[in-house]
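Reading through the structure tokens given below for one structure.
Just so we're clear, the structure is a prediction, and the values are computed from it rather than from any experiment. Note on naming: letters A, B, ... go to the chains in the order of the sequence lines (proteins, then strands), and numbering restarts at 1 for each one.
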Amino acid sequence: MPASPRGGQPGYLSGLNPEQLEAVLHERGNLLILAGAGSGKTRVITTKIAWLIRERGLAPESILAVTFTNKAAAEMRDRACSIEPSCARANLRTFHSFGAWFLRRNAAAAGLDRDFTIYDDDDSTTLVRAAFPDMSRPEAGKLASAIARAKDYGLAPDSPELERRFAERDFRRRYADYESRLRATGNVDFGDLISLPVRVLDREPAIRERTHARFRVILVDEYQDSNVAQFELLKALAGPEAYVCVVGDDDQSIYRFRGAEVKNILSFPDVFPGTSIVKLERNYRSYQSILDIASSIVEKNEGRIGKTLRATRKGGEKPVLAVLRDHEEEVAYCVRVVDAHVRKGGSFSDVAILYRTNAQSLAFERALPSAGVPYRLVGALRFYEREEVKDALAILALASNRRDEVAFRRVANKPARGIGAASLEAVIGMAFAEGGDLVAAAANAPAKSAKARAGLSSFASLMARLSERLGPGDEPPDDDVPGPSAPPAMDPHAEKLSVVVEYAIRESGLLEFHKGQDEVAGTQKVANLDELVNAAADYPATRTGLSAFLEAVELDRAMSSGDSGQDAVTLITMHNTKGLEFPVVVIAGMEQGLFPRDDDGDEDLEEQRRLFYVALTRAKDELHITYCRRRLFRGRIMDYQPSRFLAEVPKEMLRFFGGKLDLSAAEAAGKWKTGAAVYHDDHGSGYVVKAAPAGEAGVCVTVHFETGRTLQFFPKFTKKLEIISD
DNA sequence: CAATTCGGGATCTGC
DNA sequence: TCCCGAATTG
């Protein structure tokens, strides 16, 4: 066992506060760490991993640590390795990357080919449309996301509970049809990366025991974002001897809309017996004046455990609420904040402008350059989602797996090869009848026209040449070296995959096609294709290399965009700021109807509050909140009332810029809580269904009465409606 | 089968 | 206002 300084603790433990130390040193039973924003949770997890290896002699391979984002996984890996280099051998991944690793390792048991590729939401929608040709694109998208949600809840097509949550007509049958179509491609969707491992672990005792024997310690970060399926995977992975430690903050759960269950964190101690709980409430990031505002917001939520953040940094000024005429003044105000900061010796990259919707970035993008403020836009249009990138990837995916119907549909006739809808369906139908090989079907299909025949055979020949360049399937990688989701070790003399990718893009005609698009529309498609080629340079030109490359691209979507590292202001949505911090933060667009939206229900409203809480707690030193009286919305100038969230902040916590704010309307909206019992002189008893600020009219309250009628009222103008109880 | 016009809808979005 | 998808037309 590694030595620690005599009579004391190892140096890397010094500097931890008592709660953090308790969390690191805890080792009996299981552990739930409730970690507030900025409380040093990543430090606790990484230190704990290093401590387990160094002081407890645990093999790095027996540790599994999962996060939700690649960024978080990379950071955890870096920080853990800087304390203890052998952490590189621990399994530190995202949930989905772990699922992919597990399924490739146990492909046969899962009924998959080991070269499977992963379908994203868009691909799932394509598959739905293939299964149900009569559906419109939006309908197919809705069904695809309902299916994804069902998988998030761990519900299979034969699950008895399916109807309880998914009331759509015929949902069970459609879900089942989608599943069989998906299985025929040999590929998986994102949900499968979680649910298939659960199934394998349940059904295969040998795999279950091997897995339990391997992972002695399982850690989960951002646990409040886990969904039911991930909870099931955690239970399936944890053997009787395993130590499970989860870290989360119920106040920062902002992904309910895609299946995240705060219940997972609340019921953790019941499911994992002997659980200790440690709360981290010391905040190392922000001044108390910022935390006070954040607390005043999140306190309004009912479904929470309850924590109080205390700042360790003393000082700091009161945050500013800027009341502005319109979105143009908002930009000008932000420029002033940036200038003032830079004049004090700060840099542009210290400042972040946060907003609710991506559309809001436009005003800033237009105005900041002329004001001499460089900016960096985060996460708007992602690299992998671009048309040209998806086209190129589809060719590669088909080369990797010739049963990939989605990829085939995408690129068989792109650029146009004279293969129309009829020919396409004929080829796919034939492939289905003969084991699924679409390339073989394309080569042999009895095409209707000579043109289609020629197109199909040239496409088939392209795929054949690509296959040849990739060579035969080589030996499976040694998966007992878990490593990061890194490229397989590469012989420096081996051909690089980038050569094959370049070949595919050129020979398929996609390069010419998109070059033409660039000239017509002034886009950057060819440059993006070049970037994709570069990204493939780290992989060998083999089937395994290709499959690893496709997985990395699919699972690490933050990939590239190029422009990092320069000194620029960050423009970012509130969702995207999770885990980040900035010395100076501006939260823009605090208008009712924009944030929160008027039609949000109660639970959505609580989630929006948590989102506001996340945004507020990104600020280290300086916080500005802006409200515009008027704003351009879909090309129209509209009047807006202040967000009801502003009324939830005690006024004395804020400095006002541009005049005091009349918050009476927003306050009134807060008073008429959804569900509150009311009495109306003419209509009798009822309850509030909805309360929304309504401009000059104050607040508009929708009431459902015992008589069965639902009516709207403006309390500002009627005295007949009164609140009986909340 | 490809090009053009027309109309509806428009949040956030991990992997 | 603007963008994407579907329908219509050549």
Side-chain angles (χ1 to χ4, degrees), chain A residues 66-73 93-100 118-125 129 134-141 145 148-149 151-152 188-194 221-222 224-227 229-230 233 252-260 354-362 378-382 384-385 387 413-424 448-449 451-452 455 485 521 551-559 572-579 589 593-600 604 607-608 610-612 614-615 632-638:
Chain A
V66 288
T67 63
F68 283 83
T69 67
N70 284 290
K71 204 167 67 183
R93 305 167 165 270
T94 65
F95 257 115
H96 289 86
S97 150
F98 173 79
I118 301 161
Y119 283 151
D120 66 13
D121 298 349
D122 211 50
D123 300 329
S124 293
T125 303
R129 287 195 88 186
D134 292 342
M135 279 190 189
S136 71
R137 169 101 222 190
E139 278 172 331
S145 74
R149 207 78 326 119
K151 291 191 180 189
D152 285 345
V188 296
D189 60 21
F190 277 121
D192 289 339
L193 291 176
I194 308 301
D221 191 17
E222 302 281 11
Q224 75 283 353
D225 288 331
S226 64
N227 59 37
Q230 286 159 337
L233 179 56
Q252 292 190 70
S253 172
I254 56 174
Y255 289 110
R256 195 179 72 93
F257 65 92
R258 52 177 196 223
L354 279 51
Y355 39 79
R356 177 75 177 92
T357 69
N358 277 312
Q360 287 167 260
S361 73
L362 204 68
V378 176
L381 229 181
R382 287 151 183 276
Y384 69 93
E385 273 172 0
E387 180 199 1
N413 195 38
K414 190 170 186 178
R417 292 185 182 85
I419 308 167
S423 312
L424 200 69
K448 300 201 167 65
S449 68
K451 209 165 118 195
S485 331
E551 179 176 317
V553 168
E554 205 54 57
L555 292 183
D556 190 1
R557 317 181 129 199
M559 194 188 99
I572 190 169
T573 62
M574 297 188 204
H575 277 94
N576 268 323
T577 59
K578 183 97 103 41
L594 190 63
F595 185 47
R597 281 163 66 98
D598 283 330
D599 51 6
D600 284 349
D604 286 322
E607 175 136 327
Q608 298 302 297
R610 292 192 290 266
L611 182 59
F612 190 26
V614 168
L632 208 56
F633 180 71
R634 290 182 202 163
R636 282 222 128 72
I637 299 269
M638 304 271 283

message = If you compare every side-chain N and O of A/Asn70 against the phosphate oxygens of B/dC15 (OP1, OP2), does one of them come in below 4.0 Å?
response = yes
ask   = If you check every side-chain atom of A/Ala416, which of B/dC1, B/dT13, B/dA2 has the closest atom?
value = B/dA2
ask   = If you check the A/His96 side chain, which of B/dA2, B/dC15, B/dT11 turns out closest?
value = B/dC15
message = Could you tell me how far apart A/Asp189 (CG) and B/dC15 (P) are, to the nearest whole angstrom?
response = 16 Å
ask   = What integer number of Å spans the P atoms of C/dC2 and B/dT13?
value = 22 Å
message = Taking A/Asp604 first and then A/Arg256, would you say they form a salt bridge - that is, a charged N and a carboxylate O separated by under 4.0 Å?
response = yes
Spacing between A/Asp122 atom CG and B/dT13 atom C1', to the nearest angstrom = 13 Å
query = Given B/dT11, is OP1 or OP2 found less than 4.0 Å from the side-chain N or O atoms of A/Thr573?
reply = no
query = Taking the side chain of A/Ser136 as its heavy atoms from C-beta onward, which of B/dC12, B/dC15, C/dA6 lies nearest to it?
reply = C/dA6
task = Find the distance A/Met638:CE to B/dA10:P and express it as a whole number of Å.
result = 15 Å
task = Quickly work out the A/Leu362 CG to C/dC3 C1' distance and round it to whole Å.
result = 13 Å
task = Take the protein atom CZ of A/Phe68 and the nucleotide atom C1' of B/dC15, then report the distance between them rounded to whole Å.
result = 10 Å
note = Against the side chain of A/Arg356, the closest entry in C/dA6, B/dT13, B/dT11 is B/dT11
task = Indicate whether OP1 or OP2 belonging to B/dC12 is found under 4.0 Å from a side-chain N or O atom of A/Asn576.
result = no
ask   = Do you know which two heavy atoms are closest between A/Ser253 and A/Glu607, and how far apart they sit?
value = O-OE1, 3.8 Å
key: A/Arg129 side-chain N/O to C/dA6 phosphate OP1/OP2 under 4.0 Å   = yes
query = What integer distance in Å separates A/Gln608:CD from B/dT13:C1'?
reply = 12 Å
request  = Would you please classify the geometry between the A/Tyr255 ring and the A/His575 ring as parallel, tilted or perpendicular, with 30° and 60° separating the classes?
outcome  = tilted
query = Taking NZ, NE, NH1 and NH2 as the nitrogens, is one of them in A/Lys578 or A/Glu222 under 4.0 Å from a carboxylate oxygen of the other?
reply = yes
ask   = Between A/Asn413 and B/dA2, does any side-chain N or O lie under 4.0 Å from OP1 or OP2?
value = yes
ask   = Quick one: A/Arg256 CZ to B/dT11 P, roughly how many Å, whole number?
value = 19 Å
task = Check whether any side-chain heavy atom of A/Asn413 lies under 4.5 Å from a side-chain heavy atom of A/Leu424, and answer yes or no.
result = no
query = A/Asn358 side chain N/O closer than 4.0 Å to the phosphate oxygens (OP1, OP2) of B/dA10?
reply = no
query = Is A/Gly418 touching bases, backbone alone, or none of the nucleic acid, heavy atoms closer than 4.0 Å?
reply = sugar-phosphate
message = Categorize A/Phe190 for me: base, sugar-phosphate, or nothing, with a 4.0 angstrom heavy-atom threshold over every strand shown.
response = base
inquiry  = Please classify the nucleic acid contact of A/Arg417 as base, sugar-phosphate, or nothing, using heavy-atom distances under 4.0 Å.
reply    = nothing
message = Any base atoms under 4.0 Å from A/Ile419, or only sugar-phosphate, or nothing? Heavy atoms, all strands.
response = sugar-phosphate
ask   = Taking NZ, NE, NH1 and NH2 as the nitrogens, is one of them in A/Arg137 or A/Asp122 under 4.0 Å from a carboxylate oxygen of the other?
value = yes
ask   = A/Phe257 has a side chain; which of B/dC12, B/dC1, C/dG5 sits nearest to it?
value = B/dC12
ask   = Looking for any heavy atom pair under 4.0 Å, which part of the strands does A/Ala421 touch: base, sugar-phosphate only, or nothing?
value = sugar-phosphate
key: Euclidean distance, atom OH of residue A/Tyr255 to atom P of B/dT13 [Å, nearest integer]   = 7 Å
A/Leu193 or A/Ala359, whichever maps to the more 5' nucleotide of DNA chain B = A/Ala359
inquiry  = Strictly below 4.0 Å: does A/Thr357 bring a side-chain N or O up to OP1 or OP2 of B/dA10?
reply    = no
key: A/Leu555, nearest nucleotide to its side chain (from B/dC15, B/dT13, C/dA6)   = B/dC15
task = Determine the contact category for A/Asp121: base if any of its heavy atoms lies under 4.0 Å from a base atom, sugar-phosphate if only primed atoms, P, OP1 or OP2 are that close, otherwise nothing.
result = base
Options C/dA6, B/dA10, B/dC15, nucleotide nearest the side-chain atoms of A/Arg634 = B/dA10
query = Charged N to carboxylate O below 4.0 Å: is that the case for A/Lys151 and A/Asp189?
reply = yes
